[in-house]
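Presented below is the structure to which this report refers.
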Amino acid sequence: MGVLWDFVKSLVSETFPPKPKWSPDQVPSLEGKVFIVTGGNSGIGLETTKVLLSKGGKVYMAARSEEKARQAISEIEKEIGKSPIFLKLDLADLVSVKSAAEQFSSKESRLDVLYNSGGVMTPPMAQLTKQGYDLQFGTNVLGHFYFTKLLLPTLINTAALTQDGSARVITISSGAHHLHGIDYNLLTDGETRAKSNPQTLYSQSKYGDVVFARELARRYGNKRIVSISLNPGNIDTNLQRNVSSTQKKIMGLMLYPVVPYGITTHLWAGTAPETSEFNGKFLVPWARLGSPRKDTQDPKIGEELWNWLEAQVVDL
């Protein structure tokens, strides 16, 4: 009952948030800073990329489809006269994740902010990652964990150089994380997973994102890594492409446009001076501190997930 009540409270607060007190117009100069935005070719990632570039940042657009990324880059060039750099990344393939990290590291010795913002929502149950994991957990959590792990040396080195003494990792979760914890029997294909459903698998992946972000903060806060997770709000993007027509009608009553709402909490988390003090925190719409599901903050749960994630990539 406690979990359900927490979800109801968060649903009301995060679905119908107060007017924002912070605006994307308040993003400071980002000259000299380097960013990676996963899923940067569409939706919130695309619009976030535009703002980062317009403020002088150097942005790598990490995306699976080069064709779609090139189309997005062309759109950005026409709109603001600046271009992000394409970085081929398929979060559903750990080999691709490693390749992307190596490619970035061969070009850059600096990374100020890593936006773990790419993801999938409620795809068909038959879809798995390249290595056979549940597509949602494998993409939203495991892929981002491995990418972050490989980029940690660069993030740590950057933290020592920055004015505020930190580098940031921003991991995108959802209000849905309140609904389900992690059932490790659901993370790979099998009878148990077959009895589940896409909505449950999505919720547990978003729960995993909050736990991962909190554990990253606990382990690397002393290295001046600021790890933040957030719920961007109910935003009208192509993330909802797999939901049913009935769900779309219901969701349509609660969706906000990407600009300015969808990018507000993203940009606040990654660029505002005050959020450099928010290591381990969970943010909610619009640019507010929020309260995640309580057990996501349990170090035992964090350690269990971290150890599982480490075990999946140890031989890669």
side-chain contact (heavy atoms from CB on, under 4.5 Å) filter on S65, not counting sequence neighbours, yields E67, K68

- W268 and E274: side-chain donor and acceptor closer than 3.5 Å? yes

| Would you call K88 and D90 a salt bridge, taking side-chain N to carboxylate O under 4.0 Å as the test? | no

Residues passing the salt bridge (charged side-chain N to carboxylate O under 4.0 Å, His left out) test with E303, sequence neighbours excluded, are none

Taken in chain and number order and not counting sequence neighbours, the residues that satisfy salt bridge (charged side-chain N to carboxylate O under 4.0 Å, His left out) with R168 are D164

Worksheet entry | Within 6.0 Å of NZ in K130, more than 12 heavy atoms from elsewhere | no

### Message
Using the rule given for salt bridge (charged side-chain N to carboxylate O under 4.0 Å, His left out), can you reason through E304 versus K300, listing the C-alpha separation, both sets of side-chain angles and the distance that settles it, and then say yes or no?
### Response
CA-CA 6 Å; E304 181 181 18; K300 291 183 179 179; over 6 Å; no

Residues joined to V314 in its hydrophobic cluster, side chain to side chain under 4.5 Å directly or through other members, sorted by chain and number, are none

More than 12 heavy atoms of other residues, nucleotides or ligands under 6.0 Å from CZ of F278: yes or no? yes

For A63, the side-chain contact (heavy atoms from CB on, under 4.5 Å) test, sequence neighbours excluded, returns N41, A69, F86

So the ring-ring contact (aromatic ring centres under 6.0 Å, His included) pairs with at least one residue in residues 47-66 (sequence neighbours excluded) are Y60-F104

Grouping ILVMFWY residues whenever side-chain heavy atoms fall under 4.5 Å, the cluster of L201 otherwise contains M125, L186

On a heavy-atom basis, the closest approach of N231 and P285 is O-CD, 3.3 Å

Task: Check: T192/D183 side-chain N/O donor and acceptor closer than 3.5 Å - done: no

Hey, is E191 close enough to K195 for a salt bridge, meaning N to O under 4.0 Å? no

Side chain to side chain donor-acceptor pair (under 3.5 Å) pairs touching residues 307-316, sequence neighbours excluded, are Y133-Q312, K149-E310, W306-E310

Subject >> pair L179-Q199: side-chain heavy atoms closer than 4.5 Å >> reply: no

In this structure, CG of L91 is separated from CG of L135 (nearest 0.5 Å) by 10.0 Å

Checking I44, V51, T271, L283 against H266 for side chain to side chain contact (heavy atoms under 4.5 Å, CB included), the one that qualifies is I44

E77 meets the salt bridge (charged side-chain N to carboxylate O under 4.0 Å, His left out) criterion, sequence neighbours left out, with none

Quick one: side chains of residues 33-40, donor-acceptor pairs under 3.5 Å with protein atoms, not counting sequence neighbours, listed by atom name and distance.
{"residue": "T38", "atom": "OG1", "partner": "Y115", "partner atom": "O", "Å": "3.3"}
{"residue": "T38", "atom": "OG1", "partner": "S117", "partner atom": "N", "Å": "2.9"}
{"residue": "T38", "atom": "OG1", "partner": "G118", "partner atom": "N", "Å": "2.7"}
{"residue": "T38", "atom": "OG1", "partner": "H144", "partner atom": "NE2", "Å": "2.9"}

By salt bridge (charged side-chain N to carboxylate O under 4.0 Å, His left out), E47 pairs with (sequence neighbours left out) K50

Contacts of S105 meeting side-chain contact (heavy atoms from CB on, under 4.5 Å) (sequence neighbours excluded), chain-then-number -> L151, T154

* Asked: Got a donor-acceptor contact below 3.5 angstrom from the Y256 side chain to the T15 backbone?
  -> yes

